[in-house]
> 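First the structure, which I've put down as structure tokens, then a few questions once you've had a look.
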Amino acid sequence: MSCMWRLSRKLGQKKQRLLEAEQHQSPPDGTPTPSPKEPRLALGPQRSIYFSSPRDPPARLGLDFFDQPAVALARAFLGQVLVRRLDDGTELRGRIVETEAYLGPEDEAAHSRGGRQTPRNRGMFMKPGTLYVYFIYGMYFCMNVSSQGDGACVLLRALEPLGGLETMRQLRSSYRKGSTGRALKDRELCSGPSKLCQALAIDKSFDQRDLTTDKAVWLEHSPAGPREPAVVAAARVGIGNAGEWTQKPLRFYIQGSPWVSVVDRIAEQNTQV
DNA sequence: AACTTGATGGACT
DNA sequence: GTCCATCAAGTTG
């Protein structure tokens, strides 16, 4: 009977999760949502995005945004829109729903642990907003953005695809082995750090690029959502033996979003809604 | 061994 | 259909 209780509780959580997901999703057709109020973000004393230099895309986020400590930046990323412009002019867009903070030399799980600086991880030590793209497991890429703090950065782990989904599907399929497989579901396009790199055609050539000035990739201010989404803080994924650093809650995701790569139900119990 | 993924097989709804 | 556990896949430090 405690089994029964546990089961029904589990189902209840799932229902609740789907319900919340609907609230946090953007309109399916990408129609701009009327914004009743300016979104409350920890951007500091930043000029209005509408008065940036005329040649820039109106909503591109600048150095003011990226120049904050890794944890703050990892949280601030949630909801913002990553845009990738392909050579043929196609724009791929995705709303960031999951990130991880890597804090720098003291963080035993970071590539910059102990202050290690190599040609590979140089991007981590460059100015905030610089990309650090690395090759992993012999076949994938992961995309990080340098934050304030030497050797600190934020890993982008999952996006809600907003535009260019068919191109993303093609890009993702073309990288796969058989390439004869079924069409990927929308949820499979960007739900993981290497998946989103495939979907947006991000590879090593993007390493050390500047997100505030690059012509092919940038970050745009989030359209205002229905309400401030709840953010879950959970342990990072794929951290092996990094002592105390393995369990630290440095992964952040939008609670209830169906686009997140890995959900942590235990961590969600500590999230206030 | 690594900040991952996709295919596969089994249990379950 | 979903979900979960397992494992193999290439390269780099």
Side-chain angles (χ1 to χ4, degrees), chain A residues 3-4 6-15 17-18 21 70-71 73-74 77 96 98-124 131-147 151-159 168-169 171-200 202-204 206-207 234-253 258-266:
Chain A
C3 273
M4 291 268 289
R6 201 173 301 169
L7 186 62
S8 60
R9 180 163 146 277
K10 196 174 174 184
L11 289 172
Q13 280 180 343
K14 174 138 193 176
K15 261 182 205 165
R17 166 168 216 82
L18 289 170
V71 168
L73 184 60
F77 263 131
I96 298 170
E98 181 184 355
T99 60
E100 282 177 3
Y102 288 85
L103 305 194
E106 76 270 28
D107 185 347
E108 285 300 317
H111 289 170
S112 54
R113 63 188 167 281
R116 269 170 257 241
Q117 192 175 165
T118 65
R120 176 201 186 213
N121 71 4
R122 176 122 202 290
M124 299 180 86
L131 294 184
Y132 167 42
V133 179
Y134 64 87
F135 190 49
I136 187 160
Y137 295 118
M139 53 187 117
Y140 299 116
F141 295 98
C142 290
M143 176 185 191
N144 301 257
V145 183
S146 179
S147 71
C153 70
V154 174
L155 171 68
L156 305 184
R157 284 198 54 94
L159 309 176
M168 289 183 187
R169 218 181 309 277
L171 282 163
R172 287 270 291 123
S173 307
S174 67
Y175 281 99
R176 298 165 78 207
K177 258 199 325 201
S179 85
T180 140
R182 66 204 163 74
L184 290 164
K185 294 175 188 166
D186 291 357
R187 297 251 302 253
E188 298 174 293
L189 294 178
C190 302
S191 55
S194 298
K195 293 180 185 176
L196 73 86
C197 284
Q198 285 183 346
L200 299 190
I202 300 284
D203 61 19
K204 193 71 180 169
F206 282 76
D207 189 37
R236 293 173 291 186
V237 173
I239 308 301
N241 310 322
E244 53 172 336
W245 291 91
T246 306
Q247 298 300 333
K248 284 187 191 281
L250 293 173
R251 183 166 68 98
F252 304 97
Y253 65 86
W259 309 100
V260 166
S261 70
V262 180
V263 302
D264 185 331
R265 297 208 168 96
I266 308 293

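Throughout, a chain's letter reflects where its sequence line sits, starting with A, and its residues are numbered from 1.
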> Keeping to residues at least two apart or across chains, list the salt bridge (Lys or Arg N to Asp or Glu O under 4.0 Å) pairs with something in residues 136-145 of chain A.
none
> Both atom distances under 3.5 Å, Watson-Crick or G-U wobble: I'd like the secondary structure of DNA chain C as a dot-bracket string, with | for pairs made across strands.
|||||||||.||.
> Tell me, which pairs form a salt bridge (Lys or Arg N to Asp or Glu O under 4.0 Å) where one or both residues lie in residues 114-124 of chain A, sequence neighbours left out?
none
> Among residues two or more places apart or on two chains, list those pairs meeting salt bridge (Lys or Arg N to Asp or Glu O under 4.0 Å) that have a residue in residues 106-115 of chain A.
A:Asp107-A:Arg236
> Under the side-chain hydrogen bond (donor to acceptor under 3.5 Å, both in side chains) rule, collect the residues that match up with A:Ser146, sequence neighbours excluded.
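Once residues adjacent in sequence are excluded, A:Ser146 has no partner under the side-chain hydrogen bond (donor to acceptor under 3.5 Å, both in side chains) criterion.
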> Taking only residues two or more places apart in sequence or in another chain, which ones pass side chain to side chain contact (heavy atoms under 4.5 Å, CB included) with A:Thr99?
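Testing A:Thr99 for side chain to side chain contact (heavy atoms under 4.5 Å, CB included), a comparison that skips the adjacent residues, returns A:Ala74, A:Phe77, A:Leu78, A:Ile96, A:Val154, A:Leu156, A:Phe252.
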> Side-chain N or O of A:Lys185 versus OP1/OP2 of C:dT2: is the shortest distance under 4.0 Å?
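Yes, within the criterion.
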> Would you list the protein and nucleotides 1-5 of chain B atom pairs, both N or O, that sit under 3.5 Å from each other?
unit_1, atom_1, unit_2, atom_2, d
B:dC3, OP1, A:His111, NE2, 2.9
B:dC3, N1, A:Tyr134, OH, 3.2
B:dC3, O2, A:Tyr134, OH, 2.6
B:dC3, N4, A:His111, N, 2.7
B:dT4, OP1, A:Arg157, NH1, 3.1
B:dT5, OP1, A:Pro193, N, 3.1
B:dT5, OP1, A:Ser194, N, 3.0
B:dT5, OP1, A:Lys195, N, 3.3
B:dT5, O4', A:Tyr140, OH, 3.4

> Is it true that A:Glu188 and A:Lys195 have a side-chain N and a carboxylate O under 4.0 angstrom from each other?
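No.
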> For C:dG10, decide between syn and anti, treating a glycosidic angle within 90° of 0 as syn.
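With its glycosidic angle within 90° of zero, C:dG10 counts as syn.
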> Looking at residues at least two apart in the chain, or sitting in another chain, which of them share a side chain to side chain contact (heavy atoms under 4.5 Å, CB included) with A:Phe135?
A:Phe141
> Looking at residues at least two apart in the chain, or sitting in another chain, which of them share a ring-ring contact (aromatic ring centres under 6.0 Å, His included) with A:Tyr134?
A:His111, A:Tyr132
